[in-house]
2 protein chains.
Amino acid sequence: MSSATHRPRRRADAERSIARIVAAARSCLSRNPDATVDDIAKAAGVGRMTLYGHFPNRAELVEAALTDALRIGEETLSSVDVGGDARDAMTRLLESSWSLVAESAALLQAAQGVLPAGRLLALHAAPAERVEQLIRRGQGEGTFRTDLPMTWLVNAVHNLMHAAAEEERAGRLAAEDVARVVTASVQSLLAVPPAGPAR
Amino acid sequence: MSSATHRPRRRADAERSIARIVAAARSCLSRNPDATVDDIAKAAGVGRMTLYGHFPNRAELVEAALTDALRIGEETLSSVDVGGDARDAMTRLLESSWSLVAESAALLQAAQGVLPAGRLLALHAAPAERVEQLIRRGQGEGTFRTDLPMTWLVNAVHNLMHAAAEEERAGRLAAEDVARVVTASVQSLLAVPPAGPAR
DNA sequence: TCTAACTCGTACGTTGATGTACGAGTTCTG
DNA sequence: CAGAACTCGTACATCAACGTACGAGTTAGA
């Protein structure tokens, strides 16, 4: 591997255009998953033809946008301290990531309609892995439950963030309350349930 | 109000066609939210023109399908015993409703793209009300938490069912485990959290 | 400065879905 | 059984988005 994507010797100019296009794509698709190629080009302040000069079709554009969003997410996430008490670490993780999930919800939906299913999973593996490791550590320390499948726990956490974002968009939840609500819910979900006769 | 929908004196024949169309719409849209009017007509074993004879446009067809799905849901739900311990009642409610949510997830998405936002909320009010009342009762009895907004709790429960359905479709969760996983998660979410210093 | 890379408008061909028009055949229902 | 209601195919008009073709102008960079 020489670099991230093997470079076909692009001009600095083109590099800039591509960056603007990807940024515009993220922004547009995050607001409306059905945004047109035209919309995106306009938002990028670029002709549609220029766009097609860099991305052969809409699908690859969507994938590029999603990849970029995930890359940014990775950066943010990797700066979170996941040491110490697993519960506290989870809270910190949620506080930094709920807004990311909120912003790219629509983008994810756009990708779902265009990308093959496996491709999506592959792209999502990294962030999911991060959450999974933390949960696993908490399980080892006895602070998180072990009676439900790991994939479920990860997915449920993700969905709770998603739900909170939806709630905020709908105006039923103030922005400053989102973090509290999400963390409280997730902590309840992950905590070891009180032992008791099978209910 | 004379009846459900004021009747313009339809023939028994037409009534039957409409029923088949609505059923087909539910089935198709539940598999693919972007199903074509054509697809639906074919699935109903009916010409596209017949369909347009009863529904002026796609949007009204989608709405009819959703309304029907919710009506069926109401019927099932209203047969659930919501008396006794609130936790047990919630478990019974979840066991009967998770599959409904699973089946009409795509249908809901279809409606989201076509119906005005307020219309959706109005249609969903009834089932949401049912869950809300049960939660409220549990809160009064001290078995459910009161530290989070009611709308959030309702929405979170709905989303957990949704997540479980997704998990099953993806093959990461066996059908017979869904109910257990959902109920365990929801019970954890709704239970009164152990008192403790603000974490 | 000279050339290759890049920008970008206009125009076109294609595809796929929506909804309309017409009209002939079929089936209720009074 | 007669007429109204219903079915339904074919054909058509529309529309919106995708992706391609061409070509002239502009800019980077050796």
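Naming convention: chains lettered A, B, ... in sequence-line order (proteins, then strands); numbering from 1 in each chain.
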* Asked: Does a side-chain N-to-carboxylate-O contact under 4.0 Å join A:D39 and A:K42?
  -> no
* Asked: Hey, does B:L66 have a side-chain heavy atom less than 4.5 Å from the side chain of B:L120?
  -> yes
* Asked: What is the distance, rounded to the nearest whole Å, between atom CD1 of A:I18 and atom P of C:dC6?
  -> 8 Å
* Can B:S27 and B:R31 be counted as having a side-chain donor-acceptor contact under 3.5 angstrom? -> yes
* Asked: Can you tell if the side chain of B:I135 reaches within under 4.5 Å of the side chain of B:L190, non-hydrogen atoms only?
  -> yes
* To do: Would you kindly give the CG-to-P distance between A:N32 and D:dA17, to the nearest whole Å?
  => 10 Å
* Asked: Any luck finding a side-chain donor-acceptor pair between B:T151 and A:E167 under 3.5 Å?
  -> yes
* Taking side chain as C-beta onward, heavy atoms only, is A:I18 less than 4.5 Å from A:F55? -> yes
* To do: For A:F55 and C:dT7, give me the distance from atom CZ to atom P, rounded to whole Å.
  => 11 Å
* When the distance from CD of B:E15 to P of D:dA5 is rounded to whole Å, what number comes out? -> 15 Å
* To do: Quickly work out the B:L51 CG to C:dA17 P distance and round it to whole Å.
  => 15 Å
* **Contact state string [nucleotides 19-30 of chain C, B base, S sugar-phosphate only, - no protein heavy atom under 4.0 Å]** => BBB-----BBS-
* Any A:R130 side-chain heavy atom under 4.5 Å of A:E74 side chain -> yes
* A:D34 CG - D:dC18 P separation (whole Å) -> 10 Å
* Rounded to the nearest Å, what distance is computed from the CD1 atom of residue B:I40 to the C1' atom of nucleotide C:dA17? -> 12 Å
* Asked: What is the nucleic acid contact for B:T50, judged by heavy atoms within less than 4.0 Å: base, sugar-phosphate only, or nothing?
  -> base
* Check whether any side-chain N or O of B:S17 sits under 4.0 Å from OP1 or OP2 of D:dC6, and answer yes or no. => no
* May I ask you to evaluate whether A:H54 reaches the phosphate of C:dT7, defined as a side-chain N or O under 4.0 Å from OP1 or OP2? => yes
* Whole Å only: how far is the CG atom of A:D39 from the P atom of D:dA16? -> 13 Å
